[in-house]
Number of protein chains: 2
Amino acid sequence: MNKKIYEMHAEICKVFTSPKRLEIINLLRDGEKTVNELAEQACLLQANISQHLTVLRQNNVVTTRRDGANVYYKIANPKILQACDLMREVLLEKLAENEELAMRMS
Amino acid sequence: MNKKIYEMHAEICKVFTSPKRLEIINLLRDGEKTVNELAEQACLLQANISQHLTVLRQNNVVTTRRDGANVYYKIANPKILQACDLMREVLLEKLAENEELAMRMS
DNA sequence: TTCTAAGATATGAATATTCATATATATGAA
DNA sequence: TTCATATATATGAATATTCATATCTTAGAA
């Protein structure tokens, strides 16, 4: 019964297994941006950023709005940013811990 | 300069892309368990649970403690559970939203 | 030392992901 | 309609992931 939830949860998490997509999410932290702005700021080919954005959109991590020729992307739910930030904290805590350990060893 | 952090962050997130591993994490929510207990409760072959636990351990999501022939696994950092719970909330909110939409359509 | 139970690791087939490249579609201006 | 810009999609090669199976290692008991 929970199986289905675990599967959906795992599916969403696949969104976060690409450094590029994490960068895109971070670029959208302070508000919406167009595909071109994102491509430029993340140093990615337009086709690839579009592919990543499709993955983000299909998993409801971002929503879109068209204005003329431009499409604006933004984070769908602030909790997504919170979750990402928590994981980053875990990562940074571990890095700090390992660094401290290395110091004590030397 | 952030590139490296994004890569490490993405790497950790790969841990959460398996429904089985999410189930293991949930089984460890209330404290440590042995490999056998986990295999039984998650309905997985011993070899596979061990493979998943290795992934979890290598990414510092769990820590281990040996007691005789048994090895006990537990969650390394409570923030990991918090992050998982946040993502699950996002998922459940979206599901509820879609359900409501379907109701209104009918 | 031998046996047994707990856990870890190696292997390979099936499957999925990522990127570069090419091509298609959509919008507004001329 | 034609053109230019913005965005999306299709394709395939390289790479990575997952599971079942077989094999190893470790710890304690006999």
Side-chain angles (χ1 to χ4, degrees), chain A residues 3-4 6-28 32-76, chain B residues 3-4 6-28 32-76:
Chain A
K3 293 278 180 202
K4 199 72 198 168
Y6 290 130
E7 279 168 26
M8 286 188 292
H9 189 162
E11 206 57 38
I12 286 187
C13 285
K14 286 187 188 168
V15 167
F16 308 108
T17 60
S18 151
K20 315 285 188 183
R21 285 196 290 269
L22 290 174
E23 186 171 4
I24 293 169
I25 289 169
N26 204 39
L27 286 170
L28 293 176
E32 60 181 14
K33 287 202 164 86
T34 66
V35 177
N36 255 340
E37 288 172 337
L38 289 169
E40 204 174 312
Q41 292 170 28
C43 292
L44 271 176
L45 294 179
Q46 181 275 319
N48 288 151
I49 198 110
S50 217
Q51 286 166 338
H52 283 305
L53 288 170
T54 298
V55 173
L56 288 162
R57 182 163 26 82
Q58 284 173 342
N59 287 279
N60 301 302
V61 169
V62 298
T63 57
T64 63
R65 160 178 91 79
R66 180 179 274 279
D67 180 16
N70 295 309
V71 177
Y72 287 87
Y73 280 78
K74 71 168 179 185
I75 302 294
Chain B
K3 292 277 180 204
K4 201 71 198 169
Y6 289 130
E7 280 168 27
M8 287 188 290
H9 189 162
E11 206 56 39
I12 286 187
C13 285
K14 286 188 187 167
V15 167
F16 308 108
T17 61
S18 153
K20 315 286 187 180
R21 285 197 289 269
L22 290 174
E23 185 170 5
I24 293 170
I25 288 169
N26 204 40
L27 286 170
L28 292 176
E32 60 180 16
K33 288 201 163 85
T34 67
V35 178
N36 256 341
E37 287 171 337
L38 289 170
E40 205 174 312
Q41 291 170 28
C43 292
L44 271 177
L45 295 179
Q46 182 274 319
N48 288 151
I49 198 112
S50 216
Q51 285 165 338
H52 283 307
L53 288 170
T54 298
V55 173
L56 288 162
R57 184 163 25 82
Q58 284 173 341
N59 286 279
N60 301 301
V61 170
V62 298
T63 57
T64 61
R65 159 179 92 78
R66 179 179 274 279
D67 180 15
N70 295 309
V71 176
Y72 288 86
Y73 280 77
K74 72 169 180 184
I75 303 293

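Protein chains get the first letters and strands the later ones, always in sequence-line order, with residue 1 at the start of each.
Comparing the start and finish of the helix from C:dT1-D:dA30 to C:dA30-D:dT1, five pairs each, the helix axis swings through 10°, to the nearest 10 degrees.
Residues from residues 10-23 of chain A with heavy atoms under 4.0 angstrom of DNA chain D: there are none. Annotation: proximity of residues 40-47 of chain A to DNA chain D (heavy atom, distance under 4.0 Å) is found for A:Gln46, A:Ala47, numbered in ascending order. Near-neighbour residues of DNA chain C inside residues 51-65 of chain A, defined by a heavy atom below 4.0 Å, number-ordered: A:Gln51, A:His52.
With sequence neighbours excluded, the residues that form a side chain to side chain contact (heavy atoms under 4.5 Å, CB included) with B:Thr34 are B:Asn36, B:Glu37, B:Asn70, B:Tyr72. Residues passing the side chain to side chain contact (heavy atoms under 4.5 Å, CB included) test with A:Arg66 are A:Val71, sequence neighbours excluded. A search for side chain to side chain donor-acceptor pair (under 3.5 Å) contacts involving B:Thr54 returns B:Arg57, not counting sequence neighbours. Under the side chain to side chain contact (heavy atoms under 4.5 Å, CB included) criterion, A:Asn26 pairs with A:Arg29, A:Arg88, B:Tyr6, sequence neighbours left out. Qualifying side chain to side chain donor-acceptor pair (under 3.5 Å) partners for A:Glu32, counting only residues two or more places apart in sequence or in other chains: A:Arg65.
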Would you mind writing out the side-chain donor-acceptor pairs for residues 9-23 of chain B within the sub-3.5 Å range, not counting sequence neighbours?
| from | atom 1 | to | atom 2 | distance (Å) |
| --- | --- | --- | --- | --- |
| B:Glu11 | OE1 | B:Lys14 | NZ | 3.4 |
| B:Thr17 | OG1 | B:Lys14 | O | 2.7 |
| B:Ser18 | OG | B:Lys20 | N | 3.3 |
| B:Ser18 | OG | B:Arg21 | N | 3.2 |
| B:Arg21 | NE | B:Val15 | O | 2.8 |
| B:Arg21 | NH1 | B:His52 | ND1 | 3.1 |
| B:Arg21 | NH2 | B:Lys14 | O | 3.1 |
| B:Glu23 | OE1 | A:Lys3 | NZ | 3.2 |

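Place A:Arg66 and A:Asn48 on DNA chain C by their nearest nucleotides, and A:Asn48 ends up nearer the 5' end.
In this entry the distance linking CG of B:Leu38 with C1' of C:dA8 reads 15 Å, nearest Å.
Side-chain N/O atoms of B:Asn70 include none lying less than 4.0 angstrom from OP1 or OP2 on C:dA6.
Nucleotides of DNA chain D with any atom under 4.0 Å from a heavy atom of chain B span, from 5' to 3', D:dT17 to D:dG28.
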